[in-house]
Asker: 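Have a look at the structure that comes next, please.
Order of the sequence lines fixes the chain letters, A, B, ..., with proteins taken first and strands second; residue numbering starts at 1 for each chain.
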Amino acid sequence: MPANTSSKVRVRFAPSPTGELHVGNIRTALFDWAYARHTGGTFIFRIEDTDTERVTPEYIQAAINTLKWLGLDWDEGPEVGGENGPYLQSQRLDIYAEWAAKFLEQGDAYHCYCSSEELEAVREAQRAANVAPGYNGHCRELTPQEIAAYLSEGRKPVVRMRMPDGSTTFTDLIRGEVTFEHKFVPDFVLARNDGSPLYTLAVAVDDVLMKVTHVLRGEDLLSSTPRQLRVYDAMGVKAADYPLFAHLPFVMGQDNAKLSKRNGETSIAWYRDAGYLPEAICNYLALLGWSPGEDRENVTMKELTELFTVERVHSSPARFDMKKLEAINGDKIRALSLEDFFTWAMPFMRKAGTVTGTDEEVALIKKALPIIQERIVTLGEIPALLNFLFVKDFVIAADSVEKIADEQSKKVLQISAERLSTLTEWNHESIEAVLRSALIEELGLKPRIAFSALRIAVTGSHISPPLFESMELLGAAKSLARIRGAL
RNA sequence: GGCCCCGUCGUCUAGCGGCCUAGGACUCUGGCUUCUCAAGUCAGCUACGAGGGUUCGAAUCCCUUCGGGGCUACCA
């Protein structure tokens, strides 16, 4: 039944920014974007801000920033414009009003004078009687007298869509054929009594006007699809021209409930601040409900666009697993060029107050990054690992001080200081050579014992980057001073 | 309650009637490597929700059942 396969693909991501975009939203955006890029189509970004109670300008801006940060660039939408704009529904109110009026005129919709209280009472009764709740059609066929009576009471009507008898069947690209009997799809409201549109009206009108060919969205919207199709029909769109639907499975939290603050971090801002790379987030999210097959997992953004197809999207929900995200983030960090790694690392060093960004600091950071690149999972771990190189008032961590208080440690430090001070060339090879000869060969100590004391004395912690490289970077003067200071 | 969707290792998944005594990844456990932590590497643990069919043959098709989720708004 569906056409549109021959025309150019146009997909949209249309969030309702009633809060920060969360992981689930982003997964949807990612799939929308990947599908558009895969097909060489157009990616439209539209803001559904018809819920004026909950949507705020701040959230809208945050959504824009999040998509940008992730690298999900759009071809039409806020900031870039496009010939089918505006892309904020709040700026399209007159369009919806026109269509609502047209539906009224055509008899597809009607004025409903029922108050919220009356509606609630009806639902209450339906629940009590154990019948399917929903609008009972009270205002479907009002007489002019009844209307006049309502009007004289000061009632202002909403616009309600008439659902005809019968059923709606459509093919979901992920789930196959889905049918809804209209007796379970009650007449629904298109516009509030102040004339403002509801999601059901705006989404359908915009998808048609913006020539959207594929609707990839969360599965929570699956059961609203018959209503959307009903609006298309009223708009005079032929069934063959309806967009194709693909309802994406949910992203769940650890406790098998929809992901929320309670069971996992949901805001992308949190992941950004913790030091996750956009590519890692996208790669991981892509794996939630989709798979490239062939035992592949690690894909770049480019590969994602090449490999992504709706056919490979799952129909079952996926649980968000922080551990796996961390693993992928670590992989992505290790794959970074030194140049890129530095660019990502610098803001974290600054923010932590580890450095201010002087030329000397920058030079040292660039030399130090290679030795920590494979030992971190998030960028946020960088400052703690490199802090010993920049710290002004060096102190040994409390839990490590006692570990070098014994005689043997003292001896190790004493001898190390003596031998190290004779070195003419200060680099990790010469440092290692002289220490091995003094401590391992001459004293016969186990490496892990001998070097542990030095590590603590020099870096202040029993966990650090490789010791000899660390000492080379720290420099002879500071290294020796710290070793002596620990005695 | 009704309607709709979903159900392979703890988690994400491969699988689309025989290649499956079910593969990969993450996690976890153990080994190797090793100056700590990592990284790397080797090995191990663990799954087709259940019950009926169809078929020579089912994780793959059908039915039932159980379980999970969504919707049921003048939210989206």
Side-chain angles (χ1 to χ4, degrees), chain A residues 14-18 48-51 53-55 112 114-116 119-120 123 126-127 129-135 156-160 172 174-175 178-181 183-186 188-194 196-200 202-203 217-226 247 249-250 252 254 256-258 284 287-298 312 314-328 330 334 372-377 385 432 435-436 439-440 446-456 459 461-468 470:
Chain A
S16 177
T18 54
E48 310 229 328
D49 54 350
T50 51
D51 184 352
E53 302 262 307
R54 300 195 296 154
V55 175
C112 172
C114 297
S115 68
S116 308
L119 257 19
E120 183 49 43
R123 275 194 292 270
Q126 288 167 328
R127 263 194 293 271
N130 221 343
V131 296
Y135 187 64
K156 294 181 68 181
V158 301
V159 178
R160 196 178 280 276
D172 183 279
I174 294 171
R175 289 147 214 284
V178 182
T179 299
F180 288 88
E181 298 292 334
K183 59 182 171 184
F184 301 119
V185 186
F188 55 97
V189 177
L190 293 170
R192 300 184 179 89
N193 63 192
D194 65 357
S196 64
L198 256 39
Y199 170 77
T200 337
V203 72
R217 60 185 355 177
E219 74 164 285
D220 50 334
L221 269 353
L222 183 61
S223 48
S224 87
T225 308
H247 289 92
F250 285 127
M252 318 291 272
Q254 321 279 281
N256 203 21
K258 254 182 105 173
Y284 175 63
L287 262 22
L288 258 28
W290 175 82
S291 130
E294 297 173 348
D295 291 342
R296 277 243 268 164
E297 290 207 322
N298 194 316
R312 291 198 65 90
H314 253 245
S315 49
S316 52
R319 228 122 10 227
F320 185 87
D321 180 17
M322 184 79 90
K323 286 280 190 231
K324 180 102 177 195
L325 204 212
E326 287 174 356
I328 290 179
R334 268 167 251 132
I372 62 163
Q373 189 163 14
E374 69 181 25
R375 5 183 74 78
I376 58 168
V377 153
L385 237 32
E432 178 167 7
L435 289 177
R436 277 193 187 282
L439 305 173
I440 313 302
K446 287 221 184 309
R448 63 182 302 139
I449 303 291
F451 299 139
S452 171
L454 273 168
R455 179 188 312 286
I456 291 170
T459 69
S461 166
H462 63 282
I463 295 174
S464 82
L467 179 60
F468 313 119
S470 295

Asker: Contact class for L454(A) vs. all strands (heavy atom < 4.0 Å): base, sugar-phosphate, or nothing?
Answerer: nothing

Asker: Can the positive tip of R160(A) be found less than 6.0 Å from the middle of the six-membered ring of F188(A), inside 45° of the ring normal?
Answerer: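 Not satisfied by the 6.0 Å and 45° rule.
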
Asker: Hey, does the side chain of T50(A) come within less than 4.0 Å of C75(B)'s phosphate (OP1/OP2), counting only N and O?
Answerer: no

Asker: Between C35(B), A14(B), C75(B), spot the one nearest the side chain of R192(A), thanks.
Answerer: C75(B)

Asker: What's L467(A) touching, base or sugar-phosphate or nothing? Going by heavy atoms closer than 4.0 Å.
Answerer: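 L467(A): base contact, heavy atoms under 4.0 Å.
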
Asker: Quick check: closest heavy atoms across M252(A) and P317(A), and the distance to 0.1 Å?
Answerer: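 Taking every non-hydrogen atom into account, CG-CB, 3.9 Å.
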
Asker: Can you find an N or O donor on one side and an acceptor on the other, under 3.5 Å apart, linking the side chain of E297(A) with the base of G24(B)?
Answerer: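 Under the 3.5 Å cut-off, the side chain and the base do form a donor-acceptor pair.
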
Asker: L190(A) CG to C74(B) P: how many Å, rounded?
Answerer: 11 Å

Asker: Picking from C35(B), C26(B), A76(B), which would you name as closest to the side chain of A327(A)?
Answerer: C26(B)

Asker: Rounded to whole Å, please give me the gap between CD in Q373(A) and P in G40(B).
Answerer: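 For the pair Q373(A) CD and G40(B) P, the rounded distance is 13 Å.
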
Asker: As an exercise, state the distance from CG of N193(A) to OG of S115(A), rounded to the nearest 0.5 Å.
Answerer: 10.5 Å

Asker: What is the base-pairing partner of C48(B), counting Watson-Crick and G-U wobble geometry with both distances under 3.5 Å?
Answerer: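 No nucleotide pairs with C48(B).
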
Asker: Can you tell me how far CG of D321(A) sits from CD1 of I328(A), rounded to the nearest 0.5 angstrom?
Answerer: 9.5 Å

Asker: Send over the distance from E53(A) CD to C75(B) C1', rounded to a whole Å.
Answerer: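 So the CD-C1' distance, E53(A) to C75(B), works out to 10 Å.
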
Asker: Using the P atom in both, what is the distance from C48(B) to A59(B), to the nearest Å?
Answerer: 11 Å

Asker: Return the CZ to CD1 distance between R312(A) and I174(A), rounded to the nearest 0.5 Å.
Answerer: 13.0 Å

Asker: Taking the same atom, C1', in A47(B) and in A22(B), what whole-Å distance lies between them?
Answerer: 9 Å

Asker: Going by atom types alone, do R455(A) and T459(A) pair a side-chain donor with an acceptor below 3.5 Å?
Answerer: no

Asker: Rounded to the nearest angstrom, tell me the gap between atom CD in E326(A) and atom P in A38(B).
Answerer: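 Atom-to-atom, E326(A) to A38(B), this comes out as 13 Å.
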
Asker: Does A191(A) or S452(A) map to a spot on RNA chain B nearer the 5' end, using the closest nucleotide for each?
Answerer: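 Comparing both residues, the 5'-ward one is S452(A).
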
Asker: Using purine N1 to pyrimidine N3 plus N6-O4 or O6-N4 for Watson-Crick, or N1-O2 and O6-N3 for G-U wobble, each under 3.5 Å, what pairs with C37(B)?
Answerer: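 Looking at the geometry, C37(B) pairs with no nucleotide.
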
Asker: Just name whichever nucleotide pairs with G7(B), Watson-Crick or G-U, keeping both distances under 3.5 Å, else none.
Answerer: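 Per the H-bond distance test, C66(B).
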
Asker: Strictly below 4.0 Å: does R54(A) bring a side-chain N or O up to OP1 or OP2 of A76(B)?
Answerer: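 Looking at the OP1 and OP2 atoms of A76(B), neither is under 4.0 Å from any side-chain N or O of R54(A).
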
Asker: I want to verify a distance call: between G23(B), C35(B), U36(B), whose nearest atom is closest to the D295(A) side chain?
Answerer: G23(B)

Asker: Starting the side chain at C-beta, find the nucleotide from C35(B), C74(B), A76(B) nearest to F451(A).
Answerer: C35(B)

Asker: Would you classify P186(A) as touching base, sugar-phosphate or nothing, given that sugar-phosphate means primed atoms plus P, OP1 and OP2, and contacts are heavy atoms under 4.0 Å?
Answerer: nothing

Asker: Have a look at R217(A) and say if it touches a base, only the backbone sugar-phosphate, or nothing, with a 4.0 Å heavy-atom cut-off.
Answerer: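 It contacts nothing in the nucleic acid.
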
Asker: With a cut-off of less than 4.0 Å, is there a side-chain N or O of R127(A) near OP1 or OP2 of G1(B)?
Answerer: no

Asker: Ignoring the backbone of R334(A), work out which of A39(B), C74(B), C35(B) is nearest its side chain.
Answerer: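 Nearest to the side-chain atoms of R334(A), counting from C-beta on, is A39(B).
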
Asker: With nearest nucleotides of RNA chain B determined for G134(A) and S16(A) from heavy-atom distances, which residue corresponds to the more 5′ nucleotide?
Answerer: G134(A)

Asker: Which nucleotide sits closest to the side chain of N193(A): C35(B), A76(B), C74(B)?
Answerer: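 Nearest to the side chain of N193(A) among the choices is C74(B).
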
Asker: Give none if A43(B) has no partner; otherwise give the nucleotide forming a Watson-Crick or G-U wobble pair with it, both distances under 3.5 Å.
Answerer: U29(B)

Asker: L287(A) has an atom CG; how far is it from atom C1' of C12(B), in whole Å?
Answerer: 7 Å

Asker: Return the OG to CG distance between S470(A) and L454(A), rounded to the nearest 0.5 Å.
Answerer: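 These two atoms lie 11.5 Å from each other.
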
Asker: Verify the neighbour count for atom CZ of R448(A): are there more than 12 heavy atoms of other residues, nucleotides or ligands below 6.0 Å?
Answerer: no

Asker: In whole Å, what is the span from the NE2 atom of H462(A) to the P atom of U36(B)?
Answerer: 12 Å

Asker: Using a 4.0 Å heavy-atom cut-off, does G289(A) contact any base of the nucleic acid, only the sugar-phosphate backbone, or nothing at all?
Answerer: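 The answer is sugar-phosphate, as G289(A) gets under 4.0 Å only of primed atoms, P, OP1 or OP2.
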
Asker: Report yes if a side-chain nitrogen or oxygen of R448(A) is closer than 4.0 Å to either non-bridging phosphate oxygen (OP1 or OP2) of U36(B); otherwise report no.
Answerer: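 So the side chain of R448(A) is within the cut-off, an N or O lying under 4.0 Å from OP1 or OP2 of U36(B).
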
Asker: Mind checking whether K446(A) and S452(A) have side chains closer than 4.5 Å, heavy atoms only?
Answerer: no

Asker: What's touching nucleotides 2-11 of chain B from the protein side, N or O pairs under 3.5 Å?
Answerer:
from  : atom 1 : to      : atom 2 : distance (Å)
C5(B) : O2'    : R175(A) : NH1    : 2.3

Asker: Under 4.0 angstrom, heavy atoms only, what part of the nucleic acid is P466(A) near: base, sugar-phosphate, or nothing?
Answerer: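 Base, at least one base atom sits under 4.0 Å.
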
Asker: For V189(A), answer base if it contacts any base atom (sugar-phosphate contacts may also be present), sugar-phosphate if it contacts only those atoms, and nothing otherwise; contact means non-hydrogen atoms under 4.0 Å.
Answerer: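 If one applies the 4.0 Å heavy-atom cut-off, V189(A) turns out to touch the sugar-phosphate alone, with no base involved.
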
Asker: Rounded to the nearest Å, what distance is computed from the OH atom of residue Y199(A) to the P atom of nucleotide C74(B)?
Answerer: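 Distance check: Y199(A) OH to C74(B) P gives 16 Å.
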
Asker: Once you round it to whole Å, what is the distance between P of C35(B) and CZ of R375(A)?
Answerer: 12 Å

Asker: With P as the reference atom in both, quote the distance from C75(B) to C71(B) in angstrom, rounded to an integer.
Answerer: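 These two P atoms come out 15 Å apart once rounded.
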
Asker: Is any side-chain heavy atom of W290(A) closer than 4.5 Å to a side-chain heavy atom of H314(A)?
Answerer: no

Asker: As a test of reading the structure: which of A38(B), A76(B), U36(B) is closest to the side chain of S464(A), going by heavy atoms?
Answerer: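 When the side chain of S464(A) is considered, U36(B) is the closest of A38(B), A76(B), U36(B).
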
Asker: Taking the P atom in each of A38(B) and C26(B), what is the distance between them to the nearest angstrom?
Answerer: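 Roughly 16 Å separates the two P atoms.
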
Asker: Is there a donor-acceptor contact under 3.5 Å linking the side chains of H247(A) and R217(A)?
Answerer: yes

Asker: If I pick the C1' atom on C35(B) and the same atom on A43(B), what distance separates them, to the nearest angstrom?
Answerer: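 Going atom to atom, C1' in each nucleotide, I get 26 Å.
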
Asker: Using atom C1' in both nucleotides, what's the gap between A58(B) and C19(B) to the nearest angstrom?
Answerer: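 It works out to 15 Å between them.
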
Asker: Take atom P in U65(B) and the same atom in G2(B), then report the distance between them in whole Å.
Answerer: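 Result for the P pair: 12 Å, nearest Å.
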
Asker: Using the P atom on both, measure G67(B) against G49(B) and round to a whole Å.
Answerer: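 Taking atom P in both G67(B) and G49(B), they lie 16 Å apart.
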
